[in-house]
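Before any comments, here is the structure.
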Number of protein chains: 2
Amino acid sequence: MNVTIKDVAKRANVAPSTVSRVIADSPRISEKTKRKVREAMKELGYHPNFIARSLASQTSQVIGIVMPSSADQALQHPFFPEVIRGISKAAHEKKYALQMSTGEKEDEIYEEVIEMLQGRRVDGVILLYSRVNDKLMKYLQQNNFPFVVIGKPHQRAEQITHVDNDNYGIGKEATQYLIGLGHERIAFVGGNETYLVTADRLLGYKEALQEAGLVYRKDYIIYEEFLQKANQEGMRKLLSLGEPPTALVVVDDLMALDVLKLLDEMNLRVPDDISLVSFNNTLLAEMSRPPLTSVDIHIFQLGYEAAKNLIEKIAKPNEPVKRIIIPHKLVKRFSCDYVRK
Amino acid sequence: MNVTIKDVAKRANVAPSTVSRVIADSPRISEKTKRKVREAMKELGYHPNFIARSLASQTSQVIGIVMPSSADQALQHPFFPEVIRGISKAAHEKKYALQMSTGEKEDEIYEEVIEMLQGRRVDGVILLYSRVNDKLMKYLQQNNFPFVVIGKPHQRAEQITHVDNDNYGIGKEATQYLIGLGHERIAFVGGNETYLVTADRLLGYKEALQEAGLVYRKDYIIYEEFLQKANQEGMRKLLSLGEPPTALVVVDDLMALDVLKLLDEMNLRVPDDISLVSFNNTLLAEMSRPPLTSVDIHIFQLGYEAAKNLIEKIAKPNEPVKRIIIPHKLVKRFSCDYVRK
DNA sequence: AAGAAGGAAAGAATCGTTTAGGTTCTTTCC
DNA sequence: GGAAAGAACCTAAACGATTCTTTCCTTCTT
């Protein structure tokens with residue numbers, strides 16, 4: 001079997017409890033003993049058993065990452081690897097390990113996360129999404145498990161620590177930018193309606209139109225389901241309206257690429273015939289042709305802050321709830337131009 | 001405190017061991033008792049403690065994912081989320097959880113993984129890379145920890161279970177495709193030289209040239225460091241040779257996008273002035289303009305098979321070593337054309 | 001020189017399971 | 001009718017730490 005704390009204790013002629021204290025570098029142990037014990041550990045090639053430690057100390061030093069329905073699908077979207085990068089960075093700094101949800105359907109994930117937490121596998125979780133009426137979020141709150149959400153919680157946002165962008169402001173600025181270029185017929189291409197990002201950005205979009213005295217037209221709003229390429233109905237209809245839009249606000253880069261492709265097929269040139277601003281500013285925005293004007297939401301930082309705050313919350317469960325807003329920045333590239341009348 | 005197996009036992013008027021057996025659905029317990037115990041579990045809202053279970057049973061039902069130096073950097077590359085998707089799928093099917101390395105430097109990762117395994121946090125690991133003379137791989141093998149590598153191990157490949165593509169064949173086919181289009185001056189743009197993928201694909205490239213009776217020129221081979229945009233020296237030099245290549249074999253999509261960008265800056269049109277075939281066929285290949293001809297290596301499946309085989313290996317440590325080759329497929333798009341003389 | 005004070009380490013309980021090895025009670029069979 | 005067999009549970013010892021409590025030495029004080 002493996003080398004345990006007892007073996008080390010025997011070798012160093014001390015009690016197991018002493019070895020444990022040496023590992024924790026307790027001031028109650030003399031330097032001399034510490035040296036002796038450390039030497040024994042080296043000689044035996046001792047490695048602490050995390051599992052046993054977790055059981056005794058009731059903490060696992062692991063944080064859970066919960067992706068929206070289907071880890072499987074989510075990872076196809078560049079947003080997720082990027083948030084995870086941020087989370088990973090913070091976790092690493094604080095010596096926490098990372099565990100990922102693997103569930104595919106919403107209910108599966110719900111069960112999975114509960115097992116993770118109740119089973120003490122993780123000390124807390126980060127939800128990488130925020131959706132209307134989320135069952136899991138309610139459960140976490142009721143059972144007082146440490147968690148933070150990336151995005152704005154649907155209900156009781158003031159009671160839930162979350163890291164978000166000012167999506168309202170983001171939607172507004174992007175739209176204002178297009179208005180500034182003379183566009184008056186601006187459409188909004190959103191993703192899944194039940195996610196709060198979409199809703200907030202739409203709100204900002206509306207506000208920008210209103211302030212500029214432009215009409216808000218329902219037929220200028222469409223929702224394309226995330227990653228479903230077959231679903232181009234809406235876009236085609238939009239572009240063949242009597243008065244088609246001269247500019248598009250597209251809810252994220254990945255979708256913007258889809259849109260770009262479709263426009264190409266329809267022989268519409270960007271930005272000559274139609275302008276396009278998107279969000280997230282992932283690598284895709286830079287790589288696409290033409291490079292996209294996109295609002296950078298600092299995805300990495302979203303993840304970083306989320307993890308940092310979760311870890312703080314785990315350490316001090318009774319600290320006040322926090323709301324962290326990550327700044328954003330419009331990055332101008334080549335997908336927007338002045339309107340051609 | 002939480003509901004434990006003892007509480008359930010008391011409630012159901014049985015011994016803790018009986019409850020444990022009910023959880024495991026042991027045939028040694030009568031249906032009647034099982035029903036009684038299950039009811040008690042429901043009533044009390046019992047959830048098993050994984051940590052305690054792991055300690056007692058000496059298995060964690062978790063598999064570790066090890067990314068190459070810097071989880072941080074790796075996740076910027078679309079290959080990784082995609083393998084992880086595959087791993088996640090298989091893990092989910094077998095009820096394994098997933099833990100990720102967060103280390104940044106090679107030594108850190110080395111330590112981290114050892115702690116993971118020795119600390120019994122994971123039952124085995126998947127290495128998402130294969131590099132020349134990898135310290136970690138040696139350690140794993142010597143200590144007989146269950147692991148599988150994605151890619152071809154540098155040494156003793158026949159003793160290590162691994163999942164790979166036929167990178168030699170892939171390099172060869174891609175090159176042959178270009179030769180078939182009449183190209184005679186074909187350059188190879190590789191990534192990090194210490195990764196074995198690069199080496200193998202290069203070998204295939206050479207072989208294809210040779211079979212076609214074309215000369216292999218050293219100045220047609222360059223290595224651009226992964227994700228380092230500043231590093232364009234090599235490419236620029238290559239393109240300003242007396243006899244510049246008419247086609248490029250680029251080692252992956254992400255790099256191909258960089259190359260594409262550079263070509264654009266230099267006013268070279270793809271595929272009119274220069275053809276380009278790349279590898280991996282990630283979303284990027286499809287999304288880029290022009291869409292890239294790329295060899296699909298079925299990344300998802302690489303991950304899926306790796307996880308599946310690791311789990312088998314954990315269950316039966318003495319099964320023979322396996323080598324799994326995932327098939328590939330050249331996907332023709334619009335980045336290649338007949339050579340113009 | 002006796003007793004107090006305090007530092008260093010040992011002892012032992014605990015965390016929540018699993019599992020080998022008993023024990024008890026019923027059934028079966030000659 | 002009594003031994004043997006078998007079903008159905010129970011007891012108790014791990015698993016490898018942490019941590020509260022106790023004990024054992026020193027050293028200092030008066």
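Each chain gets a letter, A, B and so on, in the order the sequences are listed, and its residues count up from 1.
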- Neighbour count >12 (heavy atoms, 6.0 Å) for atom NZ, A/Lys34: yes
- Would you indicate which nucleotide in C/dG16, D/dC20, D/dT18 comes nearest to any side-chain atom of A/Arg21? D/dC20
- Message: Side-chain N or O of B/Thr18 versus OP1/OP2 of D/dC10: is the shortest distance under 4.0 Å?
- Response: yes
- Task: Choose from D/dC10, D/dA17, C/dT18 the nucleotide whose nearest atom is closest to any side-chain atom of A/Ile5.
- Result: D/dA17
- Annotated structure of DNA chain C as dot-bracket, pair cut-off 3.5 Å, Watson-Crick or G-U only, | for inter-strand, is ||||||||||||||||||||||||||||||
- Message: Check this one for me: any side-chain N or O of B/Thr33 less than 4.0 Å away from OP1 or OP2 of D/dC9?
- Response: yes
- What is the nucleic acid contact for A/Ser30, judged by heavy atoms within less than 4.0 Å: base, sugar-phosphate only, or nothing? sugar-phosphate
- Query: Taking everything shown except B/Lys152 itself, do over 12 heavy atoms lie less than 6.0 Å from its NZ?
  - Reply: no
- Message: For a quick test of reading the model: is some side-chain N or O of A/Arg28 closer than 4.0 Å to OP1 or OP2 of C/dA8?
- Response: no
- Message: In this structure, how many angstroms lie between the P atom of D/dC10 and the NZ atom of B/Lys10, rounded?
- Response: 14 Å
- Message: Considering every strand and a 4.0 Å limit on heavy-atom distances, what is the contact class for A/Val19: base, sugar-phosphate, or nothing?
- Response: nothing
- Item | Rounded distance in Å - NZ (A/Lys6) to C1' (D/dA17) | 9 Å
- Report yes if a side-chain nitrogen or oxygen of B/Gln58 is closer than 4.0 Å to either non-bridging phosphate oxygen (OP1 or OP2) of C/dT17; otherwise report no. no
- Message: Just the rounded figure in Å: distance from P of C/dG16 to CZ of A/Arg53.
- Response: 18 Å
- Query: Only one of A/Ile114, A/Leu117, A/Val113, A/Asp134 clears side-chain contact (heavy atoms from CB on, under 4.5 Å) with A/Tyr139; which?
  - Reply: A/Ile114
- Item | Atom-pair distance (CD on B/Gln118; P on D/dA17), nearest Å | 11 Å
- Message: Heavy atoms only, 4.0 Å cut-off, all strands: where does A/Asn13 land among base, sugar-phosphate and nothing?
- Response: sugar-phosphate
- Message: Counting the atoms with a prime plus P, OP1 and OP2 as sugar-phosphate, which does A/Ile29 contact under 4.0 Å by heavy atoms, base, sugar-phosphate, or nothing?
- Response: sugar-phosphate
- Message: By nearest atom, which of the nucleotides D/dA8, C/dT17, D/dG16 is closest to the B/Ala56 side chain?
- Response: C/dT17
- Query: Mapping B/Pro16 and A/Asn49 onto DNA chain D by nearest heavy atom, which one lands closer to the 5' end?
  - Reply: B/Pro16
- Query: Counting only heavy atoms not in B/Lys10, do more than 12 sit closer than 6.0 Å to its NZ atom?
  - Reply: no
- How long is the line joining CZ of A/Arg121 and P of C/dC15, in whole Å? 22 Å
- Query: Which heavy-atom pair separates A/Asn2 from B/Arg120 by the least distance, and what is that distance?
  - Reply: ND2-NH2, 2.6 Å
- Matching residue for B/Val19 among B/Val14, B/Thr4, B/Asp7 - test: side-chain contact (heavy atoms from CB on, under 4.5 Å): B/Val14
- Note on the structure: Checking C/dT18, D/dC10, C/dT17 against the side chain of B/Ala15 (C-beta onward), the nearest is D/dC10
- B/Ile23 CD1 to C/dT17 C1', straight-line distance once rounded to whole Å: 8 Å
- Provide, to the nearest angstrom, the distance between the CG atom belonging to B/Leu44 and the C1' atom belonging to C/dG16. 15 Å
- Selection from C/dG11, C/dG16, D/dC10 that lies nearest to any side-chain heavy atom of B/Ser17: D/dC10
